[in-house]
Amino acid sequence: MRAQRRQLLPFAALSASYFAHIGFFNPYLPLWLHDQGLSLLTISLLSSLQSATRLFAPYGWGWLSDHTGERVRLLRFGASAALVISCGLWVDWGVGWLATVLALMFMHTSAMMPMSEAAMAHLVSRAGSFDAGRYGRVRLWGSLGFLVTVFAAGAWFERFGMHDFPSWTVITLLAVVASAWALPDLREQVAAHEKRQPVWPVLRRPVVRWFFTSLFFHVLAHMMIYIFFSLYLNSLGYSKTMIGVLWAVSVLVEVAFFFTQSRWLPLLSPPAWLVLCAGVMVLRMGMTAMGAQLLWLLMLAQMLHALTFAAHHSMCIASLSEYFPGNLRGRGQALYTVLAYGVPGVVAGLLGGALSERFGLSSVFWLALASSAVATACAWQVQKKAVLQQALQPGHS
């Protein structure tokens, strides 16, 4: 048991450093691009490049890791390559160059968490089942890393301006590289017959199709926050420090939930949690669209992140462990990234950019509210299919 815990520590460090990088990069990339004098549409397109690379890169990395078992070595290579590529942000050669650098960097970072979670899957399981408590204690370090940098970067950029953004990128990726090289040299044995195990039979199951459809619309709403929230607050006159505080509030409740989730998650089944989280997302997006001028209401909306992200993410990981066992793990995690983050991120960037240019940034969050409502309906279908599937199992009374 102690040996297993020691093996989890480097994964916690990787989670902390990776999300420390994301904690400053995602909230402040749009503001840095705005500081470069780019239009809202250009900013949304460049910001959505991260999601665009998730359409193909995670599955490619996942396929390779499933067929070689070398998840840790691939993580190290991806982190090191992203660090080298990020140095290109120091060079100002126009929008085309910037798009190329961002795309190449995202191609190497977009699959890091799926591969990491696939690599540590057996370490966060008990008797072959997903252990929410153990997973939460690893994942909360990622939330803490995000919290530190989103607050610190907001204060730094408020005082010194946005021109240090490339330096923050390089420094945080250097921490990711160090964490990746500290991981234990785990290599999974891949039998020849396992290499031929297909993923399509899983995807043909109705409950899995509704699961991914619900995730698409749920994360589409979240992507509106990731891409446009900082710009929205900036347009309403909030300072960069306060923008950082509002992001930090959401992460604080996320940390609290991850730390205590072993108490709450057993209260409902994973499909029931999906319904609850999507319904709360409707409320959160409505509050953000209608009441962003009221700081206390915006704070309350950000606190709902404990359910709309933390609980939702944990239940997604638990469901993936059930739907994609064994050597399907890497591809299951990759599909989660592609279908639930890649495609929604591209759609959010394109639609949100067009809407904000014509109707203002608040319109983006009305679209997010509608997307949340669709996610709730799809999650209800997951719940119905799961109940039916349980009723049809042999020996069910």
Side-chain angles (χ1 to χ4, degrees), residues 10-11 13-33 35-36 38 45-65 68 70-119 142 145-146 148-149 152-153 156-157 162-187 330 334 337-338 341-342 345:
F11 286 100
L14 178 62
S15 182
S17 60
Y18 175 80
F19 284 103
H21 166 69
I22 295 297
F24 104 88
F25 195 91
N26 285 12
Y28 298 108
L29 174 63
L31 295 180
W32 180 62
L33 297 174
D35 194 61
Q36 307 299 304
L38 302 179
L45 290 174
L46 289 173
S47 298
S48 64
L49 280 174
Q50 185 175 44
S51 298
T53 61
R54 287 172 174 165
L55 296 175
F56 59 91
Y59 195 82
W61 288 105
W63 180 91
L64 188 60
S65 68
T68 63
E70 296 284 4
R71 304 190 200 279
V72 171
R73 287 189 179 181
L74 292 172
L75 279 168
R76 292 169 177 169
F77 173 81
S80 301
L83 172 63
V84 173
I85 294 166
S86 70
C87 295
L89 294 177
W90 275 319
V91 182
D92 183 8
W93 286 349
V95 175
W97 170 259
L98 183 57
T100 302
V101 171
L102 289 174
L104 289 173
M105 190 176 75
F106 293 147
M107 283 175 61
H108 290 85
T109 59
S110 60
M112 289 194 65
M113 279 302 100
M115 281 197 295
S116 173
E117 294 192 330
F146 189 107
V148 169
T149 53
W156 180 279
F157 294 142
M162 298 300 303
H163 62 274
D164 289 327
F165 183 88
S167 299
W168 275 75
T169 304
V170 172
I171 291 170
T172 53
L173 281 175
L174 186 60
V176 174
V177 170
S179 300
W181 282 91
L183 291 173
D185 291 313
L186 300 176
R187 185 185 186 280
T337 303
V338 172
Y341 282 89

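Both backbone and side-chain heavy atoms feed into the values below; hydrogens, waters and symmetry mates do not.
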Leu174/Leu83 under side-chain contact (heavy atoms from CB on, under 4.5 Å): CA gap, chis, key distance, verdict: CA-CA 6 Å; Leu174 186 60; Leu83 172 63; 3.8 Å; yes

side-chain contact (heavy atoms from CB on, under 4.5 Å) involving Thr172 - partner list, sequence neighbours excluded: His21, Phe24

Gap between atom OG1 of Thr149 and atom CD1 of Ile22 - 0.5 Å precision: 9.0 Å

Stepwise side-chain contact (heavy atoms from CB on, under 4.5 Å) check, Trp93 with Leu98: CA-CA 7 Å; Trp93 286 349; Leu98 183 57; over 6 Å; no

Non-hydrogen atoms of Met112 and Ala79 that approach each other most closely: CE-CB, 3.8 Å

Shortest non-hydrogen separation from Pro30 to Asn26 and the atoms involved: CD-O, 3.3 Å

From Trp32 atom CH2 to Asp164 atom CG, the distance as rounded to the nearest 0.5 Å: 11.5 Å

Nearest atoms (heavy-atom pairs only) where Pro27 meets Phe146: CG-CZ, 4.2 Å

Any pair counted as salt bridge (Lys or Arg N to Asp or Glu O under 4.0 Å), so long as it reaches residues 102-113, sequence neighbours left out: none

Closest non-hydrogen atom pair, Gly142 against Phe19: O-CB, 3.0 Å

Test ring-ring contact (aromatic ring centres under 6.0 Å, His included) applied to Tyr28 - qualifying residues, sequence neighbours left out: Phe157

Gln50 backbone acceptor or donor facing Thr53 side chain under 3.5 Å: yes

Thr169 OG1 to Ile85 CD1 distance, which is reported to the nearest 0.5 Å: 13.0 Å

Working for side-chain contact (heavy atoms from CB on, under 4.5 Å), residues Trp168 and Ile171: CA-CA 5 Å; Trp168 275 75; Ile171 291 170; 5.9 Å; no

Point-to-point distance, once rounded to the nearest 0.5 Å, from CH2 of Trp181 to CG of Leu14: 13.5 Å

Ser86 vs Val101, side-chain contact (heavy atoms from CB on, under 4.5 Å): CA-CA, chis, key distance, verdict: CA-CA 7 Å; Ser86 70; Val101 171; 5.9 Å; no

Whether over 12 other heavy atoms sit under 6.0 Å from Phe56 CZ: yes

Distance (rounded to the nearest 0.5 Å) between Leu75 CG and His108 NE2: 12.5 Å

Between CZ on residue Phe11 and OG on residue Ser179, distance to nearest 0.5 Å: 11.5 Å

Pairwise side-chain contact, Ser167 with Trp90, heavy-atom cut-off 4.5 Å (strictly under): yes

Beyond-backbone contact of Met105 with Phe25, side-chain heavy atoms, under 4.5 angstrom: yes

